Structure formats: C-alpha cells, structure tokens
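Keep in mind that what you see is a predicted model, and the values were worked out from it rather than measured.
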Amino acid sequence: QRHKMVLYEFQVVGRRAPTATIPTPKLLRMRLFAPNDVVAKSRFWYFAKQQQNVKKTTGEILSCNKIFEGKPSKLKNFGVWIRYTSRSGVHNMYKEFRDLTRVGAVRQAYEEMAGRHRARWSAIHIIRVDEIASKDVRRDNTKQFINPKIKFPLVHRADSIRRKGQFKQTFAPHRPTTSFG
C-alpha cells in the first residue's frame with residue numbers, strides 16, 4: 001500500500017500585537033496546507049515575516065481553523081500556482097490537476113514536484129489554488145480526461161473464481177489466462 005502524504009487546509013488569521021501607537025493593527029489571513037495546526041502556524045509566521053515583517057514575538061494568532069471541501073464527491077479541475085527553490089534558483093510554476101478536493105490537488109502538486117524536480121516540501125510555496133472550469137483548462141494532460149464519454153479498457157483481468165472458493169489451488173500446472181478480448 002502506498003503511503004499518502006497527510007495534508008489539511010488551514011485558515012490562519014493573525015496580526016501584529018496592538019501597541020500604543022497602533023491600537024488596531026491590520027489583520028493577516030492566509031490559507032495554508034499543512035499536516036497539522038502547529039506546522040500551519042509556523043508557516044504563517046514564516047510568510048508573515050517575509051511579506052509583512054511581522055514576527056512571532058511581535059505578533060499574535062487570532063484563529064487557526066481547518067477548512068473542509070464544500071463538495072468532496074464531485075470531480076473538479078484545479079490550477080495550482082507554485083513558487084519553489086531549486087538548486088539553480090527560484091522558479092514560478094502553474095500546474096493543473098484533477099481531484100475531488102483542493103487538498104488532494106495540492107498533495108498531487110507536492111508529489112509531482114518531488115518526482116519531476118526533486119523539490120523538497122520546505123522549498124515549495126503554494127501561492128494560489130483555484131477551481132477551474134473545464135473550458136478554461138490549459139494543459140493537454142488535464143484536457144484528455146475531461147471528455148464525458150472517456151473509457152478505460154480492462155486489458156488484463158485475473159479470474160476471481162479460481163482465486164477463491166472451491167477452485168482455489170496453491171499450485172497450478174499452468175499460468176492463468178488474463179487476456180480476454
């Protein structure tokens with residue numbers, strides 16, 4: 001069984017701690033993908049320091065909520081905007097995935113980046129994830145699965161009757177026939 005990366009989507013809201021000069025600081029809201037809320041908060045401070053110059057010592061987190069998919073049983077197309085650091089520099093990328101959830105699409109993105117580009121989880125920044133209409137899909141690899149009459153032929157099938165029940169054999173005198181058609 002293949003091990004799947006555990007990933008959830010979090011909404012983290014934080015701000016700079018109120019001071020006498022700034023009693024009501026601007027709120028920062030981020031949607032982050034992380035294995036748990038501790039990592040989500042850590043990533044929040046990482047990006048807050050980069051973008052808004054707000055550190056954990058001078059700021060506060062107001063809420064950290066797990067976000068769930070609205071329709072997790074409907075197949076959707078997702079566009080994922082990625083920024084990652086490779087051995088040669090920083091690169092921006094746009095990728096498309098078909099999945100049931102945003103988290104599933106991001107998981108696919110992380111796995112593809114690890115496989116194709118040898119990018120580590122910590123070196124990949126998910127900039128944006130949007131659901132895309134079928135007519136707006138750009139990548140040919142995603143377009144080929146949009147056809148509503150798509151069929152996947154079953155070219156090799158093992159005979160299930162011989163594998164269980166009264167015809168089960170530990171040793172067979174010949175190889176099974178798996179090609180029908």
Side-chain angles (χ1 to χ4, degrees), residues 1-13 28-37 39-44 46-47 50-51 63-161 163-164 176-181:
Q1 176 174 326
R2 207 173 115 225
H3 174 70
K4 275 199 170 181
M5 177 186 209
V6 178
L7 212 59
Y8 301 101
E9 187 174 8
F10 291 92
Q11 174 180 282
V12 184
V13 179
L28 304 172
R29 183 179 74 92
M30 293 184 199
R31 291 178 79 157
L32 301 162
F33 296 90
N36 55 46
D37 62 334
V39 176
K41 290 175 187 175
S42 174
R43 296 297 278 175
F44 172 82
Y46 174 81
F47 291 121
Q50 276 189 337
Q51 297 167 3
S63 70
C64 179
N65 303 318
K66 200 182 279 191
I67 299 173
F68 297 98
E69 190 72 28
K71 293 182 178 177
S73 58
K74 181 189 169 210
L75 188 62
K76 298 171 274 291
N77 305 311
F78 290 99
V80 181
W81 283 261
I82 299 170
R83 181 182 178 90
Y84 81 101
T85 308
S86 72
R87 295 182 185 113
S88 59
V90 179
H91 310 280
N92 294 317
M93 222 177 251
Y94 168 76
K95 290 187 168 290
E96 289 177 349
F97 301 98
R98 281 173 67 80
D99 209 295
L100 299 171
T101 62
R102 288 167 53 94
V103 173
V106 170
R107 185 186 295 122
Q108 281 186 55
Y110 275 122
E111 289 176 0
E112 185 172 314
M113 292 300 292
R116 289 185 196 271
H117 304 283
R118 300 293 184 261
R120 305 291 179 264
W121 187 84
S122 58
I124 300 169
H125 299 164
I126 304 295
I127 307 294
R128 191 169 125 200
V129 180
D130 282 340
E131 189 177 332
I132 300 169
S134 294
K135 62 180 176 58
D136 298 329
V137 171
R138 298 184 216 169
R139 303 289 187 254
D140 291 334
N141 193 38
T142 312
K143 280 182 185 175
Q144 68 181 347
F145 294 107
I146 292 176
N147 179 7
K149 295 180 180 175
I150 192 168
K151 292 181 179 180
F152 298 98
L154 301 170
V155 287
H156 289 283
R157 294 185 293 281
D159 191 3
S160 61
I161 296 171
R163 283 188 283 134
K164 58 188 172 204
T177 305
T178 60
S179 181
F180 303 97

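When every heavy atom of Asn141 is checked against every heavy atom of Phe145, the shortest pair comes out as O-CD1, 3.3 Å. Nearest heavy-atom pair across Arg43 and Ile124 is NH2-O, 3.5 Å. Ala34 and Ala40 get closest at one heavy-atom pair: CB-N, 3.7 Å. Taking all atoms of both residues into account, the shortest heavy-atom contact from Ala119 to Tyr84 is CB-CD1, 3.8 Å. When all heavy atoms of Arg87 and Arg118 are compared, the pair lying nearest together is NH2-CB, 4.3 Å. Shortest non-hydrogen contact noted between Arg102 and Val129 is NH1-O, 2.7 Å.
Other residues, nucleotides and ligands place more than 12 heavy atoms under 6.0 Å from the CZ atom of Arg139.
Tyr110 does not carry Arg107 over the face of its six-membered ring by the limits of under 6.0 Å from the centre and within 45° of the normal.
Partners of Phe47 by ring pair (Phe, Tyr, Trp, His ring centres under 6.0 Å), not counting sequence neighbours, listed by chain and number: His125.
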Candidate pair Trp121 and Val39, rule side-chain contact (heavy atoms from CB on, under 4.5 Å), full reasoning | CA-CA 12 Å; Trp121 187 84; Val39 176; 3.7 Å; yes
Residues Lys66, Asp37; criterion side-chain contact (heavy atoms from CB on, under 4.5 Å); working and verdict = CA-CA 8 Å; Lys66 200 182 279 191; Asp37 62 334; over 6 Å; no
Pair Phe97-Val106, side-chain contact (heavy atoms from CB on, under 4.5 Å): steps then yes or no | CA-CA 9 Å; Phe97 301 98; Val106 170; over 6 Å; no
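The shortest distance between side-chain heavy atoms of Val103 and Phe33 falls below 4.5 Å. Considering only heavy atoms from C-beta on, Glu96 comes within 4.5 Å of Tyr94 through its side chain. Residues Leu28 and Val13 are not in side-chain contact: their nearest non-hydrogen atoms beyond the backbone lie 4.5 Å or more apart. Residues Lys71 and Glu131 are not in side-chain contact: their nearest non-hydrogen atoms beyond the backbone lie 4.5 Å or more apart. The side-chain heavy atoms of Asp130 and Trp81, taken from C-beta on, include a pair separated by under 4.5 Å. At a threshold of 4.5 Å between non-hydrogen side-chain atoms, the residues Leu100 and Glu69 do not count as touching. By the 4.5 Å heavy-atom criterion applied to side chains, Ile146 and Asn77 are counted as neighbours.
Within the 3.5 Å criterion, the main-chain N or O of Met93 finds no donor-acceptor partner in the side chain of Lys95.
Remark: Tyr8 OH to Ile67 CD1 distance equals 14.5 Å, nearest 0.5 Å. Here the straight-line distance linking atom CG of Asp99 with atom CD of Gln108 works out to 5.0 Å at 0.5 Å rounding. Atom-to-atom distance recorded for Gln11:CD and Phe44:CZ is 10.5 Å, nearest 0.5 angstrom. Within the model, atoms OG of Ser63 and CZ of Arg29 stand 10.0 Å from one another, a figure rounded to the nearest 0.5 Å.
With no hydrogens or angles considered, a side-chain donor-acceptor pair links His91 and Ser86 at under 3.5 Å.
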